[in-house]
Structure formats: C-alpha cells, structure tokens
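Here's the structure we're looking at; comments come further down.
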Amino acid sequence: MREHPDRKKCLEYLEAYSTPEHVIGHCKSVAAVAYMFGKALNEAGGTRAAQFRDIRLTTFRRGAGRFYYEQDHSRDRHGLGWRPFDLELLLASGLLHDMARVEDRHWDICADWCHEKKYYEEEQIIRAHMMYQYTNDANHLTEADLVSLADRLTLEDHYAGLDDRMDYIIKKAERNGNPDARAAILRKKKETRKLLDEIESRIGMTIDDLMKDLDYDNVENGNR
C-alpha cells in the first residue's frame with residue numbers, strides 16, 4: 001500500500017516550494033472540501049468506482065482536451081461492490097494541487113514533482129484537475145472527481161458553493177474579453193448541479209450544510 005503525505009508534510013512541501021500564502025489558503029480549502037465530500041460519502045456507503053491506483057486517466061486527444069477514464073472503472077462488473085474513498089489521498093491531493101500555481105502549466109509541474117516523490121496517485125489527480133471531466137454518476141465517483149469538484153466550489157481560501165463560483169468564472173471570462181464563454185459555463189453549471197443534487201440525495205443533506213463551519217486547518221480531526 002502506498003503512503004500519502006499527511007497534512008504536516010504537505011505544508012512543509014508548500015513552504016519549501018515558496019508557494020504564496022494566499023495559494024496555500026486555497027489549497028487548504030480545496031483539501032477540506034474534498035475531504036468532507038469523501039467522509040460524508042463514506043458514511044453513505046462509499047463508491048462503486050475501482051481503487052484509484054487501478055484507474056488510468058488520459059485525454060481525449062494528444063496534447064489537449066479534457067481528462068477522462070481510459071478504462072471501465074466500475075466495480076459492479078467484477079462483483080466487488082462498494083469501497084471507501086481514500087481520505088488521505090483526498091487530503092494530500094487537495095493540499096498539493098496548486099503548489100506551483102504561479103508557474104505556467106502549474107498542474108504539469110506539480111504532477112511531475114509528485115512523480116519524483118513517488119506520489120503517483122496524487123500525480124494523476126493533480127495533472128488532470130484543470131481539465132478534468134468528472135463522472136455524472138454519484139455512485140461511481142473517484143478521488144479525482146471529488147478533488148475537481150472541490151476546486152470548482154472554492155473561491156480562494158473558502159468554500160463558496162456552485163452559484164458564487166460560477167458567477168466568478170463568468171465575470172472573469174468577460175473581463176478577459178471572452179463573453180461567449182457564458183453559455184458554456186452555464187451548461188457546465190447545470191451538469192454540476194445535477195451531480196451535486198445526486199450527492200445531496202445520497203448523504204441526506206445539502207452541500208452547503210455539509211461544508212458549514214469548515215475547519216480548513218484541521219478538517220480530518222473535526223467537522224461532523
């Protein structure tokens with residue numbers, strides 16, 4: 001079984017890399033939100049997706065496009081049923097995902113760094129997180145899905161929720177001279193809202209309630 005770096009080690013890595021404080025705050029937020037997703041879904045049975053170490057991610061086309069699962073990642077066809085999410089992987093991936101954010105193609109730089117450290121599962125999640133197409137099935141989510149969802153529900157150092165996050169992205173696109181992006185963003189928002197509704201049905205509460213009063217610095221020892 002591979003080990004994942006704990007919170008203390010991840011924060012040491014971020015400090016050694018000279019990651020800016022505001023980016024570290026964002027990483028703490030994404031890690032906390034992803035962890036809470038995983039914890040709540042574990043209490044509801046976990047996931048039918050394969051163990052993450054057995055899943056390969058690839059892109060729709062070489063050099064561009066969104067990441068997706070290259071192989072069938074369902075446990076159903078093998079009669080394996082449910083498994084718990086790897087909470088340590090969620091925490092480590094969230095904390096490290098934007099370590100190199102101030103650099104071009106920061107996701108690849110950080111993923112390469114994880115590869116050198118032999119954090120291969122963190123590597124996959126981090127390399128994919130900027131262009132990841134998560135599943136639309138709340139019963140077959142993986143750790144990559146939860147980290148990507150957490151990143152898309154977070155504004156800098158706090159959980160913001162889908163509406164505020166999407167409004168921010170639309171305004172940013174318009175400021176950058178890309179008003180046509182609104183339609184695509186709203187389509188993605190609709191897809192994400194459907195998935196969040198399914199997750200809420202599974203865990204028996206709203207995502208906003210789940211993330212209420214998050215302890216971003218110590219989520220693994222608190223909250224619910």
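Just so it is clear, the values below take in all heavy atoms, side chains as well, and ignore hydrogens, waters and symmetry mates. This is a predicted model, so every value here is computed, not measured. Note that the numbering runs from 1 along the sequence shown for the chain.
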- Query: Between Asp151 and Ser148, does a side chain to side chain donor-acceptor pair (under 3.5 Å) hold up when you go through it step by step?
  - Reply: CA-CA 5 Å; Asp151 198 25; Ser148 293; over 6 Å; no
- Message: Between the side chains of Lys9 and Glu122, is the shortest nitrogen-to-carboxylate-oxygen separation below 4.0 Å, so that they form an ion pair?
- Response: no
- Query: In terms of side-chain geometry, is the basic nitrogen of Lys212 or Asp208 positioned less than 4.0 Å from the acidic oxygen of its partner?
  - Reply: no
- Message: His158 vs His26, test: ring pair (Phe, Tyr, Trp, His ring centres under 6.0 Å). Steps then yes/no.
- Response: CA-CA 7 Å; His158 66 281; His26 172 71; 9.9 Å; no
- Rounding to 0.5 Å, atoms NE2 (His115) and CD1 (Ile126) come to a distance of 13.5 Å
- So, are Asp86 and Arg53 salt-bridged, with charged N and O less than 4.0 Å apart? no
- Query: Quick check: does any side chain N or O of Thr19 sit under 3.5 Å from a backbone N or O of Ile24, one acting as donor and the other as acceptor?
  - Reply: no
- Item | Closest contact, heavy atoms only, Phe52 versus Ala144 | CE1-CB, 3.7 Å
- Message: Would you say that Ile185 contacts Met166 through its side chain, given a criterion of any heavy-atom pair below 4.5 Å between the two side chains?
- Response: yes
- Item | Side-chain touch Leu196/Phe37, heavy atoms, less than 4.5 angstrom | yes
- Kindly indicate whether a cation-pi arrangement holds for Lys188 with Tyr134, taking the cut-offs as under 6.0 Å to the six-membered ring centre and within 45° of the axis. yes
- Item | 4.5 Å side-chain heavy-atom contact, Leu96 and Pro5 | yes
- Walk me through it: do Arg101 and Glu156 pass the test salt bridge (Lys or Arg N to Asp or Glu O under 4.0 Å)? CA-CA 12 Å; Arg101 191 210 277 181; Glu156 286 305 329; 3.5 Å; yes
- Query: Between Tyr13 and Trp113, what is the ring plane arrangement, given parallel below 30°, perpendicular above 60°, and tilted in between?
  - Reply: perpendicular
- Separation between CG (Asn136) and OG1 (Thr192), nearest 0.5 Å, reads 10.5 Å
- Item | Exceeds 12 heavy-atom contacts within 6.0 angstrom, atom CD of Glu12 | yes
- Heavy-atom donor-acceptor pair, Asp98 side chain to Cys27 backbone, under 3.5 Å: no
- Note on the structure: Scanning both residues in full, the closest heavy-atom pair of Asp104 with Ile109 reads O-CD1, 3.2 Å
- Check: Asn218 side chain, Asp215 main-chain N or O, donor-acceptor pair, under 3.5 Å: no
- Answer yes if the ring centres of Tyr119 and His4 are under 6.0 angstrom apart, and no otherwise. no
- So do the side chains of Thr154 and Arg165 get within less than 4.5 Å of each other, counting heavy atoms only? no
- Check whether any side-chain heavy atom of Ile125 sits under 4.5 Å from a side-chain heavy atom of Thr142, and report yes or no. no
- Is the backbone N or O of Ala50 less than 3.5 Å from a side-chain atom of Arg83, with the two atoms forming a donor-acceptor pair by type? yes
- Task: Search all heavy atoms of Leu153 against all heavy atoms of Tyr159 and return the closest pair with its distance.
- Result: O-CD1, 3.6 Å
- Task: Output the distance between atom CD1 (Ile203) and atom CE (Met36), rounded to the nearest 0.5 Å.
- Result: 8.5 Å
- Message: Rounded to the nearest 0.5 Å, what separates atom CG in Asp167 from atom CG in Asp163?
- Response: 6.5 Å
- Query: Between Lys28 and Asp157, is there a salt bridge with N-O shorter than 4.0 Å?
  - Reply: no
- Spacing of CH2 belonging to Trp107 relative to CZ belonging to Arg127, to within rounding of 0.5 Å: 11.5 Å
- Query: Under a 4.5 Å cut-off applied to non-hydrogen side-chain atoms, are Met205 and Glu200 in contact?
  - Reply: no
- Message: I'd like to know if Glu198 pairs up with Lys194 as an ion pair, taking the criterion as any Lys NZ or Arg NE/NH1/NH2 lying under 4.0 Å from an Asp or Glu carboxylate oxygen.
- Response: yes
- Message: One thing to verify: whether Asp137 and Arg48 come together as a salt bridge, which I'm taking to mean a side-chain N less than 4.0 angstrom from a carboxylate O.
- Response: no
- Item | Neighbour count above 12 (heavy atom, 6.0 Å) for Asn176 CG | yes
- Glu191/Arg152 ion pair, N-O < 4.0 Å: no
- Item | From Leu210 atom CG to Lys39 atom NZ, the distance as rounded to the nearest 0.5 Å | 9.5 Å
- Query: Taking all atoms of both residues into account, what is the closest heavy-atom pair of Ala138 and Leu195, and its distance?
  - Reply: N-CD1, 3.9 Å
- Task: For Gly38 and Leu90, work out which heavy atoms get closest and say how close.
- Result: CA-CD1, 3.8 Å
- Near-ring test His129/His106, centroid separation under 6.0 angstrom: yes
- So, are Arg105 and Asp108 salt-bridged, with charged N and O less than 4.0 Å apart? yes
- Message: To check you understand the geometry: which heavy-atom pair defines the closest contact between Arg202 and Asn139, and what is its length?
- Response: CD-OD1, 3.3 Å
